[in-house]
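Scroll down for the structure; my scribbles are underneath it.
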Amino acid sequence: MAEILIQNAGTVLTMDDARRVLHGADVLIRGGEIAAVGQGLQTSGETVSGRGCVVTPGLVNTHHHLYQNLTRAVPGAQDALLFGWLQRLYPVWARFTPDEMFVSAQLGLAELALSGCTLSADHLYLYPNGARLEDTIHAARSIGLRFHPTRGAMSIGESDGGLPPDSLVEDERAILDDMIRVVDAFHDPSEGSMCRVGLAPCSPFSVSRELMRDTALLARDKGVMLHTHLAENDEDIAYSQAQFGCRPGQYAEELGWTGDDVWHAHCVKLDVQEIDLFARTRTGVAHCPCSNCRLGSGIAPVRAMRDAGVPVGLGVDGSASNDMASLSAEARQAMLLQRVANGADAMSAYEALEIATRGGADVLGRPDCGRLEPGKRADIAIWDTTGVASSGSWDAAALLLAGPTRVKHLFVEGRQVIRGGELTTVDLPRLLERHRGLAQRLMEG
Ligand SMILES: [Zn+2]
């Protein structure tokens, strides 16, 4: 089996169970796996110099809406609160076709890869004009990232008192049928899998109680994970109390939406009882600090969640609510926000990197990813710390305290997806040209 040796790295942050930090160390890749981590390793295969670099597990993105990068910085949505923001953007998204879904997913995954991400989830909850989940799966294959797409859904349109226009909602029977179709066609449960499908009604305010319950039953039947938005801001809590007579945590629990096969995005407004519920049930959280800041939603109680034992990963969220989808920037923001809320010692750069790597992998049910140790998948980010951003730094914590924010090399399942800062899998200038063309068409209406 082909071997690649990352040789003589300045620092290797293993994120293994002992959280070992090695200096002057090597990482040996064999096939799609990490074969060894340590000093003085040898290979007859290819070598990649790690000199002057920090080597980390690939970062893991647990929440995104890739399609939204065609609607960045839209006037009228730049400064709106969540519900107003959605209402500005729904009519634009209603014009998307399979082309927009494919190209935006390619662009979004390329952007993530450049920021050190090797595994991303995606939450696609609208399917206008023949768009399908596999439009994004094909895009992920072309970029070479490990991908956890989720079949999202909305079923309560304007005429039923919901937020989205009727043209963007689907019949609930059709939603469940398509969920079954995409799981059967694309979900790969095996170790080292490059594609696992999850089920993900958009939020408790865009589908019925019955669909939430039926989706949970279906996910358990198929052995796939569940994902949705929960407790994002004060409006969200007020809606839950008015419509369901309870807080979001209770609603989730009653409908089968807790457990180690469930992860919820945002959870900014979880209270003490809900944090305890999530910790007891090992329910995961996708923390999206930039999006929470951008939409003024608040600061998620990540310190309290981590202390209680809630599994927490990071998410960049959709590019219309965090116009910059950089996972390294997201890790930095997570660290800074906990310090704003709880003091300068509330979260170290190393803890934020842990959340960004093994934390996210655990949230997505991937203990085979997110750490550099023998037998784990060879998903590896290599950061050049000899450049302007990190020159003069005394410690690898500079990765979040200073930079760089882009990787030099990136490996996914042992395959080099970025070499010397450039994508090896697609022609980026051509992709950008195509993407700009589609955005222009949407802008002109
Ligand atoms: Zn979201």
Side-chain angles (χ1 to χ4, degrees), residues 60-72 74 77 80-90 92-93 96 101 104-105 108-109 111-112 117 120-127 133 136 147-154 162-164 168 198-207 212 215 225-237 239-240 248 252 257 262-270 283-300 302 312-327 329-330 333-334 360 363-364:
V60 178
N61 181 37
T62 60
H63 186 64
H64 207 334
H65 313 286
L66 287 163
Y67 74 90
Q68 292 181 1
N69 59 40
L70 283 165
T71 50
R72 293 197 230 233
V74 172
L81 298 180
L82 178 66
F83 286 12
W85 169 90
L86 284 171
Q87 281 161 326
R88 168 71 181 92
L89 290 167
Y90 281 142
V92 183
W93 296 337
F96 276 43
M101 293 304 181
S104 60
L109 291 167
E111 184 181 15
L112 281 172
C117 176
S120 184
D122 188 46
H123 188 185
L124 182 55
Y125 53 81
L126 40 87
Y127 296 86
L133 190 67
T136 63
F147 194 44
H148 285 207
T150 61
R151 204 305 180 184
M154 299 191 292
L163 275 182
L168 277 181
L199 305 182
C202 184
S203 65
F205 57 79
S206 52
V207 301
M212 290 295 286
T215 305
M225 292 188 72
L226 287 164
H227 181 49
T228 193
H229 294 99
L230 203 78
E232 181 164 352
N233 62 10
D234 289 329
E235 286 171 289
D236 202 341
I237 303 292
Y239 185 92
S240 180
W257 277 76
V262 185
W263 84 106
H264 295 285
H266 301 303
C267 299
V268 174
K269 297 293 175 181
L270 288 195
T283 305
V285 169
H287 173 44
C288 308
C290 291
S291 169
N292 299 158
C293 289
R294 163 79 156 77
L295 294 173
S297 302
I299 301 175
V302 171
V312 180
L314 291 182
V316 298
D317 203 0
S319 306
S321 62
N322 170 16
D323 310 63
M324 175 172 70
S326 160
L327 202 47
E330 208 65 41
Q333 189 75 3
V363 163
L364 295 182

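Every heavy atom of this structure was used, including side-chain atoms; hydrogens, water molecules and symmetry mates were not. Because the structure is a prediction, the values reported are computed rather than measured. Ligands are counted one by one from 1 in listed order, and the atoms in each one are counted from 1 as well.
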| query | By residue and atom, what protein N/O/S atoms are less than 2.8 Å from the Zn ion (ligand 1)? | reply | His63 NE2, His65 NE2, His229 NE2, Asp317 OD1

| query | Got a donor-acceptor contact below 3.5 angstrom from the His266 side chain to the Ala231 backbone? | reply | no

| request: Would you check if the side chain of Gln87 reaches a backbone N or O of Leu163 as a donor-acceptor pair within less than 3.5 Å? | output: no

| request: Ignoring hydrogens and angles, tell me if any N or O in the side chain of Asn322 forms a donor-acceptor pair with the backbone of Val316 under 3.5 Å. | output: yes

| field | Any donor-acceptor pair under 3.5 Å from Thr228 side chain to Cys202 backbone | value | yes

| message | Quick check: Phe205 with His229 (ring centres under 6.0 Å apart)? | response | no

| task | Would you confirm whether His264, through its side chain, and Trp257, through its main-chain N or O, come within 3.5 Å as a donor-acceptor pair? | result | yes

